[in-house]
Amino acid sequence: MNSRPIMAVPSVFAAFDEDGDGKVSASELRRCMEATLGEDVSEEEAAAVLATVDVDGDGLLNQKEFSRLTAGAGAQEEDDADVKRRCLKEAFGMYASSPTEDTITPASLRRTLSRLGSHELGVEECRAMICRFDLDGDGKLSFDEFRVMMMA
């Protein structure tokens with residue numbers, strides 16, 4: 001385990017903990033992610049990231065949970081297959097059509113790619129991208145189809 005990121009965690013945690021209550025909320029995480037990533041992050045996206053390491057389930061990150069986030073969300077405690085699956089799930093969630101829908105549609109793919117700076121792709125190009133890995137022919141990507149695409 002690399003000690004450099006762990007040593008930096010207290011100062012980074014303090015920067016994220018804007019109200020100084022010893023916890024980082026989803027809204028604090030969102031604001032800091034926006035400042036550091038330079039792009040809009042929804043409250044739902046920030047909450048999803050927070051939930052991946054919120055061990056005690058209080059909806060807030062204490063310093064230990066925050067250090068798990070900055071150190072790869074506890075990757076040292078999980079085997080590689082679990083880490084890859086969790087990371088793929090998080091990536092899939094970014095592209096999914098909604099937090100409750102577990103598919104990637106051409107419109108949701110275009111929306112996410114646009115947020116990431118790829119404005120030149122239209123819905124038809126996104127439909128063609130999905131078609132290449134849409135194994136069941138429903139016009140959308142399920143998580144399993146997304147995983148096949150990412151491993152190709």
Side-chain angles (χ1 to χ4, degrees), residues 1-2 4-5 8-9 12-13 15-18 23-62 65-152:
M1 184 163 105
N2 187 345
R4 188 179 311 148
V9 167
V12 174
F13 179 79
F16 275 65
D17 182 17
E18 295 171 342
K23 301 273 186 165
V24 173
S25 67
S27 59
E28 288 172 321
L29 184 61
R30 182 182 66 79
R31 284 190 297 273
C32 288
M33 288 172 68
E34 285 178 349
T36 57
L37 299 175
E39 63 183 59
D40 289 335
V41 176
S42 73
E43 193 75 27
E44 293 80 24
E45 290 168 324
V49 169
L50 186 144
T52 63
V53 292
D54 181 17
V55 175
D56 60 12
D58 66 354
L60 301 166
L61 297 182
N62 61 34
E65 291 165 334
F66 184 82
S67 69
R68 286 178 51 117
L69 179 64
T70 60
Q76 64 275 16
E77 296 174 13
E78 302 171 290
D79 68 23
D80 285 345
D82 288 342
V83 171
K84 286 177 186 174
R85 183 169 179 78
R86 186 179 41 74
C87 289
L88 278 173
K89 270 290 200 193
E90 288 176 30
F92 179 79
M94 287 178 53
Y95 291 93
S97 53
S98 77
T100 57
E101 181 102 14
D102 219 18
T103 60
I104 298 172
T105 64
S108 68
L109 176 61
R110 181 177 182 331
R111 181 185 67 240
T112 303
L113 291 175
S114 179
R115 270 194 265 158
L116 296 173
S118 183
H119 299 287
E120 62 275 354
L121 288 178
V123 174
E124 286 307 313
E125 289 91 353
C126 292
R127 186 171 285 121
M129 290 171 66
I130 286 175
C131 183
R132 291 180 45 206
F133 294 95
D134 180 16
L135 303 176
D136 62 6
D138 66 356
K140 319 179 255 193
L141 290 182
S142 66
F143 174 72
D144 290 331
E145 292 166 332
F146 178 76
R147 188 181 61 205
V148 168
M149 178 183 78
M150 296 306 288
M151 298 304 182

Step-by-step side-chain contact (heavy atoms from CB on, under 4.5 Å) determination, Asp136 to Glu145: CA-CA 9 Å; Asp136 62 6; Glu145 292 166 332; 3.1 Å; yes
Starting from the C-alpha separation in whole Å, work towards a yes-or-no answer on side-chain contact (heavy atoms from CB on, under 4.5 Å) for Met150 and Phe133. CA-CA 10 Å; Met150 296 306 288; Phe133 294 95; over 6 Å; no
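Taking the side-chain contact (heavy atoms from CB on, under 4.5 Å) definition, one finds that Glu43 meets it with Ala26, Ser27, Arg30, sequence neighbours left out. Thr112 pairs by the side-chain contact (heavy atoms from CB on, under 4.5 Å) definition with Tyr95, Arg115, Leu116, not counting sequence neighbours. Remark: Asp56 engages Lys23, Asp54, Asp58, Asn62, Glu65 in a side-chain contact (heavy atoms from CB on, under 4.5 Å) (not counting sequence neighbours).
A donor-acceptor distance shorter than 3.5 angstrom exists from the side chain of Asp134 to the backbone of Asp138, with no hydrogens or angles considered.
Summarising the geometry, atom CG belonging to Leu109 is positioned 10.5 Å from atom CD belonging to Glu125; distances are rounded to the nearest 0.5 Å. Separating the CZ atom in Phe66 from the CG atom in Leu61 is a distance of 7.5 Å, to the nearest 0.5 Å. To the nearest 0.5 Å, atoms CG (Leu29) and CZ (Phe16) are separated by 6.0 Å. For the atom pair OG (Ser108) and CD1 (Ile130), the distance works out to 6.0 Å, reported to the nearest 0.5 Å. Remark: Asp102 CG to Phe143 CZ distance equals 9.0 Å, nearest 0.5 Å. In this structure, the separation between CD on Glu90 and CD on Glu45 is 12.0 Å, given to the nearest 0.5 Å.
Residues Arg110 and Leu121 come closest through the heavy atom pair NE-O, 2.9 Å. Of all heavy-atom pairs between Cys126 and Leu113, the closest is SG-CD1, 4.3 Å. For the pair Ser25 and Leu50, the tightest heavy-atom approach, listed with the atom from each and the gap, is C-CD1, 3.8 Å.
Salt bridge status for Glu124 with Arg127: present, with a side-chain N to carboxylate O gap under 4.0 Å.
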